[in-house]
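Each remark here refers to the structure printed beneath this line.
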Amino acid sequence: MSQSRQIDLTTSIQYLHGVGPARARALEASGITTVYDLFYYFPRRHLDRTSVTPLREIRRDQSATVVGTVEVAGERRARKRKYFQAVISDGTGLLNLVWFRGAPYLAKKIKKGVRLAVSGKIEFFQGHQIVHPEFDLIDQDEDPLHTGAVVPIYPLTGELKKVRVDNRALRRTIRQVLEQIGQIDDLLPAALLDRYGLTNLDQALRKIHYAENIDELQQARRRLKFDEHFFLMLLMALRKANLKTGTAPEIDALGTRFQLVYDQLEFDLTGAQQKVIKEIRHDLGRGRPMNRLLQGDVGSGKTIVALLSAAIAIGNGHQVALMAPTEILAQQHFTSIKAFSERAQITCALITGGQKSAERRQLLAALAEGRIDLIVGTHAMIQSWVEFARLGLVIIDEQHRFGVVQRGHLLAKGYNPHLLAMTATPIPRTMAITYHGDMDLSIIDELPAHRQPVTTKVVNSDRLNRVYHFIRDEVEEGRQAIVVYPLVEETEKSDLAAATEAFTQLASGDFRQQKVGLLHGRLKPDEKDKVMAAFAANEINILVATTVIEVGIDVPNASVMLVEHAERFGLTQLHQLRGRVGRGNAKSYCILVQRKTGDTADRRLGIMEETSDGFKIADEDLQIRGPGEFFGARQSGFIKYKIADMLTDGPIIRQARQAAFELVENDPHLRKPEHVTIRRRFVSEYQHLLELVNIT
Ligand code: ADP
Ligand code: MG
């Protein structure tokens, strides 16, 4: 009998008592094949006394979750329009539910007498109502308001829906299995649980599905979140431990070139720049690979830090690769380095996609033979063809997405250089320690002294005439302006067309007296160069550009930036753009043209007016858009959070980090018997990244 079979987490669900073949197939199609998968299929939310509102307390225009019994339900018709209507009551009041589509499906589910949990925005139309509420069927005895029960609501994918595995069915299945299974072994040692006040895994897995009160649920949640953060932090801790044992060139002297660059500087380094250079020198001198992330707001002077670091490596006989995200930026770095390199006796070269193959072959040969000290290019450089004679330092600019995985590419080619990643995208602290947990962090928290904040104003299109007038005045005074159009993808034709059309209109209209240039990603490299050079020389007064200019343009004479369709940009992106002005001595302005209004857009753009603190802006962006948007799919790809939440888990993240780093400190290869289960779980979670750690 199946009843007598021992069930554990590895048991396949098709052998479970109470799960028929059809349901097993549906579960399997949703990725649930074992008891483990079933228990880790976490509810997307819970209903309890604190989250459910009695109907007598609902208010118009508020979002609410309510639970009630269906009194009447059916298809209705009003002035030729068909709709499905249900009225629910909970003993304290009534609520009208309305759907304008899906009647046949709804009629099957929503019948007189069933209990529903519904959520949505309360409207008022002949009484309180919700249009197209989110709804779940719940059992008659599941009443969070009166019993104090906590009811789990599961996400239902298409497959589950198809075979009518609804929330009630899923709840019953999970409850049955929980009753059959014995004590679930923990992954973490008891001492660790004690230390961080964590509930054991057995209780956590039971209570996440069936808590008797909200406190139990919170405990379960905290434990399961902790686990997710913990295993990612373990990756970071193991990674860092592995770097510590790796070898990289020991560069403990300043070398012959540092001073030659330093003497050419026309300004004093800020205190923050000096501090960071000291940190980098220390890293380079240890004989172990540096793995440092340098964060500094736009305009804080990271480039010179990069150049001085490169000079140290080169002065000690090593080659340096400097990588930028776009060719324009690579070009610009190359130009600014070129200004120093001759007198510093540094041989440098630029590698671009547009180079002729003969030229490129020569360049690559020179690099492989060690005749080039410093190569500047895009990020594509490390993935492919480039070979070095003695690569000692890699500097990556504006690349917060460069992390654990990409270092693997370098290792795979047999290089283990020092690594300096630089970013102007301020990363909220919880994210930095999560995504870059294996890196050391340097922060430039000081702008060069003469820098003044950029005055920012949000306007709608009615005000554009006055704005254009203002720009003409600025140009009259000898200054320059940049007009930016959004371009989400370089390939999006419509965006490109909009920018091109705007250019034509402005050049022949409001700015016909001024010299207007156009810069976008589709231009050939030499055309881009020409435009950039003309703008730098003020032969172009007003540059109309797509977002290709987001990073890197350094034209101190530009004093006005106008951003079109500002609501389409992320805040950090706007902050980057804004950093393109205010780099000289003139008072500078950033004008954000808002074409669409709405609560979120208003609030987001309002933040740009209020603050120029990049960290604050990044935090707001994170709150509003979430981490996925913030980092892009590429970065979040190696993290599969089921329950963890970057926005709200700050304290748990810090504890998990501490726990993971301490564990690795005591047991760098996870060999101790009490860590066997941790090791096993780690290996199964991070199989694809095992080459970066050393736990054999
Ligand atoms: P970012 O950190 O955005 O990369 P950059 O390195 O491009 O900033 O520096 C911005 C501008 O500030 C450049 O024109 C640079 O020459 C100048 N700069 C850098 N450091 C200083 C300093 N200590 N004092 C004055 N100007 C500086
Ligand atoms: Mg820069």
Side-chain angles (χ1 to χ4, degrees), residues 258 261-280 292-311 322-326 328-341 343-344 374 376 378-379 395-400 402 420-427 441-454 479-480 482 532 535-538 547-559 561 572-586 588 590 612-615 617-618:
F258 181 89
V261 174
Y262 192 85
D263 288 343
Q264 296 181 59
L265 295 181
E266 286 164 354
F267 44 74
D268 294 329
L269 294 179
T270 63
Q273 284 170 319
Q274 292 173 21
K275 179 194 73 187
V276 170
I277 288 170
K278 231 180 245 158
E279 288 167 342
I280 292 169
R292 188 166 281 280
L293 176 67
L294 171 56
Q295 274 195 56
D297 220 334
V298 267
S300 63
K302 293 182 295 297
T303 312
I304 195 66
V305 170
L307 180 56
L308 287 167
S309 309
L322 172 60
M323 301 191 286
T326 64
I328 290 194
L329 189 49
Q331 168 76 57
Q332 201 148 77
H333 276 315
F334 181 68
T335 310
S336 42
I337 287 168
K338 204 78 190 129
F340 291 88
S341 63
R343 274 196 278 156
L374 174 62
V376 183
T378 66
H379 294 142
I395 302 172
I396 300 146
D397 191 24
E398 302 294 1
Q399 183 60 315
H400 55 282
F402 191 98
L420 176 66
M422 307 194 292
T423 175
T425 310
I427 305 168
L441 199 61
S442 284
I443 295 179
I444 303 186
D445 50 7
E446 181 185 354
L447 293 182
H450 64 267
R451 206 59 53 77
Q452 354 177 0
V454 177
R479 287 185 284 276
Q480 289 162 276
I482 306 171
M532 279 308 299
F535 189 58
N538 202 359
T547 1
V548 289
I549 63 134
E550 181 186 339
V551 281
I553 282 195
D554 188 18
V555 177
N557 191 48
S559 65
M561 160 141 311
T572 40
Q573 212 181 357
L574 287 175
H575 183 62
Q576 291 277 342
L577 285 169
R578 181 165 63 181
R580 301 303 120 209
V581 294
R583 296 169 93 85
N585 297 318
S588 296
C590 174
S612 57
D613 178 340
F615 280 91
I617 289 169

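In this text, all values refer to a predicted model and were calculated from it rather than measured experimentally. Count residues from 1 along the sequence. Note that ligands are numbered from 1 as they come in the structure, with each ligand's atoms numbered from 1 the same way.
Not a single heavy atom of Leu265 sits under 4.0 Å from any atom of ligand 1. Within the structure, ligand 1 lacks Gly296 among the residues with a heavy atom less than 4.0 angstrom away. In this structure, Val305 has no heavy atom closer than 4.0 Å to ligand 1.
When heavy-atom distances to ligand 1 are checked against a 4.0 Å cut-off, Asp397 has no atom that comes that close, whether in backbone or side chain. With a 4.0 Å cut-off on non-hydrogen atoms, Gln273 touches ligand 1 through its side chain and not its backbone. Only backbone heavy atoms of Asp297 (N, CA, C or O) come within less than 4.0 Å of ligand 1; its side chain stays farther off. With a 4.0 Å heavy-atom cut-off, ligand 1 is reached by the backbone of Thr270 and by its side chain too.
Residue-ligand proximity, Leu269 to ligand 1, at heavy-atom distances under 4.0 Å covers atoms 23 (N). Distances below 4.0 Å separate heavy atoms of Arg583 from the following atoms of ligand 1: 3 (O), 5 (P), 7 (O), 8 (O), 9 (O), 10 (C). Those atoms of ligand 1 that come under 4.0 Å of a heavy atom in Asp268, given as number and element, are 22 (C), 23 (N), 24 (N).
You'll find the side chain of Ile444 stays beyond 4.5 Å of the side chain of Asp297, heavy atoms only. Using a 4.5 Å heavy-atom threshold, the side chains of Leu308 and Ile280 count as separate. No side-chain heavy atom of His333 sits less than 4.5 Å from a side-chain heavy atom of Ile395.
For the residues Gly301, Gly271, Pro448, the heavy atom positioned nearest atom 8 (O) of ligand 1 is part of Gly301.
Between the side chain of Lys275 and the backbone N or O of Ser442, no donor-acceptor pair lies under 3.5 Å.
Applying the side chain to side chain donor-acceptor pair (under 3.5 Å) rule to Asp263 yields the partners Gln259; only residues at least two apart in sequence or on another chain are considered. For Thr270, the side chain to side chain donor-acceptor pair (under 3.5 Å) criterion is met by Gln273, not counting sequence neighbours.
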| request: Decide yes or no on side chain to side chain contact (heavy atoms under 4.5 Å, CB included) for Met532 and Gln331, but give the supporting numbers first. | output: CA-CA 10 Å; Met532 279 308 299; Gln331 168 76 57; over 6 Å; no

| query | Under the side chain to side chain contact (heavy atoms under 4.5 Å, CB included) criterion, do Leu322 and Ile337 qualify, and how do the steps go? | reply | CA-CA 11 Å; Leu322 172 60; Ile337 287 168; 3.5 Å; yes

